[in-house]
Amino acid sequence: MSNHLSLRLSSSLFVGALLLGPAQSFAQSSASAQAMLEEIVVTARRREESLQSLPMSVAAITSDAMQAQGVYNLMDMSDVVPNISLTEDVRANDTLLYIRGLGGGFSNPAQVFGTAVYIDGHLQVGNLGAFNSTVDVERIEVLRGPQGTLFGRNVTGGAVNIITAKPGPDFDSEITLRAGNYGRADVRGMVNTPITDNLYARFNVGYESYDGYWYNRFLNEDTAGEETKNFGAALRWEPTDNWTIDSRINLMYDRDDDRGNSCYAYPDQDLIDALVADGQDVSGLPGPFADGNGAWGGGAFNGIGRVEFLGRGTTIAAMESCETSRAMGDYVTSQDFDTKSYVDNEWITVDATYDTQEALGPFENFNWQIKGARRYNEYRYLQDRDFTEFKIDGVGMSPFGARGQNRASSEFETLFNADINDRLNMTAGFYWLDDVSKAGDRTCLSRWQAAYDPIADTINGLPDDNIVCALEGQDIFERLPGTAFDGINANHDYVTAKSKALYAHFNYAISEARELSVGGRYTEDTRTLENVEVTIGLDQNGINTCTHGPGDPPSTEMCAPTIVLNRDKVIDNGVYNNERATYDEFTPMVSLTRNLEGG
């Protein structure tokens, strides 16, 4: 949909192009292109190996190849690597990753999927906003199939491992500019510099923006735009010939609109008959259609629509609004919300590697890695799911300026690689993860849990009592009054996951053409889910603190009502979960690979 022009300048290539003649400069460019065809070294098996000789289903793309093929973020990988799909769901930054048809993705932290994204071998918990920019990335590896005996996590479908560029001993710098239609304007920069003989630093910065190609006729503005700011700093210290210590901090902030979308009027005969019987004028509607919908045809549920969200008289107006937008073009909407999807990703990683580079005891070579990471993620969104100017179906976090859905994870891993002889090698390790996600500061949920005694079935020691609190960025669902999903619902949740695993993987070269792999992983996971979901109506004084009138709340905010938790709201007519589950499993694997090139 977007066309763009890129300019990439590096300190070495740019100066060389100025000093050399045209023929020499062209030869240098040809050499750069030739580098894309040279041998690629990957770490898919947690050790450096040639991609061409690796007996696994792995695809890899280097930074040069990414530049040549226009891969500017992870989603672009779907265009150049087979059997992988990286997309966004209805909400921007709500990322979906499928490898060979397995996987998924959703912002709900209670859900776990069979694929994962790693950065330098560190898990990106939840994938939210994980399809980040390829700023200063050395290569991206796509690992198809189960990876649990190599990465220690239950990744059955496969994994994407992003390998960042590491600091080096030589000064280098680079800047990339990109401009395109629909307001595309990107700038990326990198500086690599030595500090001492064995300490090097690398910094990268990026700003990428895009106005979007959708037009909101109700708000009279372009929408579905993107704005990303990122910064990275890395240090590499080589205290001895055997030790390498890498540390990195990454900050990435997405300030995007939600994805553009439009609805359509596609009524069936039953809906037309119902509208006529209700005394409404259907002359401006298309149809009826034999395979039509008995609803307004919004896109919240794959375009099928939900008639139970609608109040009397809204069906005609909503469908006419859909038809007006579609008549203006394919990328026109009339959403009353100024939609947003904001994601903050901050993480720090430390990796220490000891490599003997020679025989050690029974091993021809021995490599020991210690890895640690801390990641913080914050997510806020505002979504209009009916795509019209009516308040039929909206969802978002309220108030928008609060913390929203925030998630913090800590990770530790230690692993060993050893070449036992020229035919047999092994990888073994221990993995630990602590992951905590909550809505806002968890105040409402904590107050309810402190007040409610499930054994005595009392609230603050009484048969019933009111627990009053304010929203802190929780999910709010706004729907039309007088319908099956009347009013406004608020969700308060707290989800934790603790995981640890022991894993081992052995590879034995039977011959030049055949390799046997044997491995296993023991995993123990403990997960908790605590949440309260209630319908919001009158407060404890009988006052409606949130309305559905036009322009109320403003298009930049969801409602911010007073929350009252009591027996009627929670126990009788709401949802309350306080669940804990622990499971453990040993998973073995065996594979036999034949390399057809090996004869």
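Hydrogens, waters and symmetry mates are skipped; everything else that's a heavy atom, side chains included, is used.
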With no hydrogens and no angle check, just 3.5 Å: does a side-chain donor-acceptor pair link [X] and [Y]?
{"X": "Asp211", "Y": "Tyr182", "value": "no"}
{"X": "Gln405", "Y": "Asp493", "value": "yes"}
{"X": "Asp384", "Y": "Thr339", "value": "no"}
{"X": "Tyr207", "Y": "Glu227", "value": "yes"}
{"X": "Arg248", "Y": "Asn250", "value": "yes"}
{"X": "Asp64", "Y": "Thr62", "value": "no"}
{"X": "Asn93", "Y": "Ser341", "value": "yes"}
{"X": "Asn531", "Y": "Asn491", "value": "yes"}
{"X": "Thr223", "Y": "Asn216", "value": "no"}
{"X": "Ser262", "Y": "Thr333", "value": "no"}
{"X": "Thr593", "Y": "Arg514", "value": "no"}
{"X": "Thr228", "Y": "Asp254", "value": "yes"}
{"X": "Tyr376", "Y": "Glu378", "value": "yes"}

Taking the side chain as C-beta and beyond, is there a heavy-atom pair between [X] and [Y] under 4.5 Å?
{"X": "Val350", "Y": "Asp246", "result": "no"}
{"X": "Met589", "Y": "His505", "result": "yes"}
{"X": "Leu86", "Y": "Leu96", "result": "no"}
{"X": "Glu221", "Y": "Tyr215", "result": "no"}
{"X": "Ser85", "Y": "Leu97", "result": "no"}
{"X": "Ile119", "Y": "Trp347", "result": "yes"}
{"X": "Met77", "Y": "Ile140", "result": "yes"}
{"X": "Lys438", "Y": "Arg403", "result": "yes"}

Is the charged tip of [X] near the ring of [Y]: under 6.0 Å from the six-membered ring centre and within 45° of its axis?
{"X": "Arg521", "Y": "Tyr503", "result": "no"}
{"X": "Arg178", "Y": "Tyr72", "result": "yes"}
{"X": "Lys371", "Y": "Phe412", "result": "no"}
{"X": "Arg255", "Y": "Tyr342", "result": "yes"}

Heavy-atom pair with the smallest gap, counting every atom of [X] and [Y]:
{"X": "Thr587", "Y": "Thr149", "value": "O-CG2, 4.5 Å"}
{"X": "Ala439", "Y": "Asn406", "value": "C-ND2, 4.4 Å"}
{"X": "Ala59", "Y": "Arg144", "value": "CB-NH2, 3.7 Å"}
{"X": "Trp214", "Y": "Asp330", "value": "CH2-O, 3.7 Å"}
{"X": "Val80", "Y": "Pro82", "value": "O-CD, 4.1 Å"}
{"X": "Met397", "Y": "Arg380", "value": "SD-CA, 3.6 Å"}

Any sub-3.5 Å donor-acceptor pair from [X]'s side-chain atoms to [Y]'s backbone N or O?
{"X": "Asn345", "Y": "Met252", "answer": "no"}
{"X": "Asp338", "Y": "Asp336", "answer": "no"}
{"X": "Asn161", "Y": "Gly121", "answer": "yes"}
{"X": "Thr115", "Y": "Ala159", "answer": "no"}
{"X": "Glu411", "Y": "Leu123", "answer": "yes"}
{"X": "Asp351", "Y": "Ser247", "answer": "no"}
{"X": "Gln69", "Y": "Gln67", "answer": "no"}
{"X": "Asp257", "Y": "Gly225", "answer": "yes"}

Notebook entry, point to check: Looking at Lys340 and Asp256, does any basic side-chain N land under 4.0 Å from a carboxylate oxygen?
Noted result: no

Check: Is the shortest distance from a Lys or Arg side-chain nitrogen in Asp186 or Arg188 to a carboxylate oxygen in the other one below 4.0 Å?
Finding: no

Note to self: Would you say that more than 12 heavy atoms from the other residues, nucleotides or ligands in this model lie under 6.0 Å from the CD of Glu585, or not?
What the structure shows: no

Note to self: Other residues, nucleotides and ligands only: do more than 12 of their heavy atoms fall within 6.0 Å of NZ on Lys229?
What the structure shows: no

With rounding to the nearest 0.5 Å, note down the distance linking [atom1] in [X] to [atom2] in [Y].
{"X": "Lys498", "Y": "Glu524", "atom1": "NZ", "atom2": "CD", "value": "12.0 Å"}
{"X": "Phe387", "Y": "Phe337", "atom1": "CZ", "atom2": "CZ", "value": "13.0 Å"}
{"X": "Asn73", "Y": "Asp76", "atom1": "CG", "atom2": "CG", "value": "4.5 Å"}
{"X": "Tyr431", "Y": "Ser499", "atom1": "OH", "atom2": "OG", "value": "7.0 Å"}
{"X": "Asp258", "Y": "Gln383", "atom1": "CG", "atom2": "CD", "value": "5.0 Å"}
{"X": "Leu74", "Y": "Ile84", "atom1": "CG", "atom2": "CD1", "value": "7.0 Å"}

Check: Please walk me through it: do Thr164 and Asp120 pass side chain to side chain donor-acceptor pair (under 3.5 Å)?
Finding: CA-CA 7 Å; Thr164 61; Asp120 292 327; 2.7 Å; yes

Notebook entry, point to check: Less than 6.0 Å separating the ring centroids of Phe586 and Tyr522?
Noted result: no

Margin query: Just checking Phe151 against Tyr118, ring centres under 6.0 Å apart?
Written below: yes

Next item on the list: Apply the test side chain to side chain donor-acceptor pair (under 3.5 Å) to residues Glu389 and Ser321: give CA-CA distance (whole Å), side-chain angles for both, the deciding distance (0.1 Å), then the verdict.
Entry: CA-CA 8 Å; Glu389 61 268 32; Ser321 175; 2.7 Å; yes

Item checked: side chain to side chain contact (heavy atoms under 4.5 Å, CB included) between Asn377 and Val343, intermediate numbers included -> CA-CA 7 Å; Asn377 172 281; Val343 179; 3.8 Å; yes

Item checked: Test side chain to side chain donor-acceptor pair (under 3.5 Å) applied to Tyr583 and Asp525, step by step -> CA-CA 6 Å; Tyr583 72 92; Asp525 277 16; 3.1 Å; yes

Next item on the list: For Ser63 and Arg139, run side chain to side chain donor-acceptor pair (under 3.5 Å): C-alpha distance rounded to whole Å, both residues' side-chain angles, the deciding distance at 0.1 Å, then the answer.
Entry: CA-CA 5 Å; Ser63 59; Arg139 69 180 181 277; over 6 Å; no

Margin query: Going by salt bridge (Lys or Arg N to Asp or Glu O under 4.0 Å), Asp435 matches just one of Arg527, Arg374, Arg407, Arg375. Which one?
Written below: Arg407

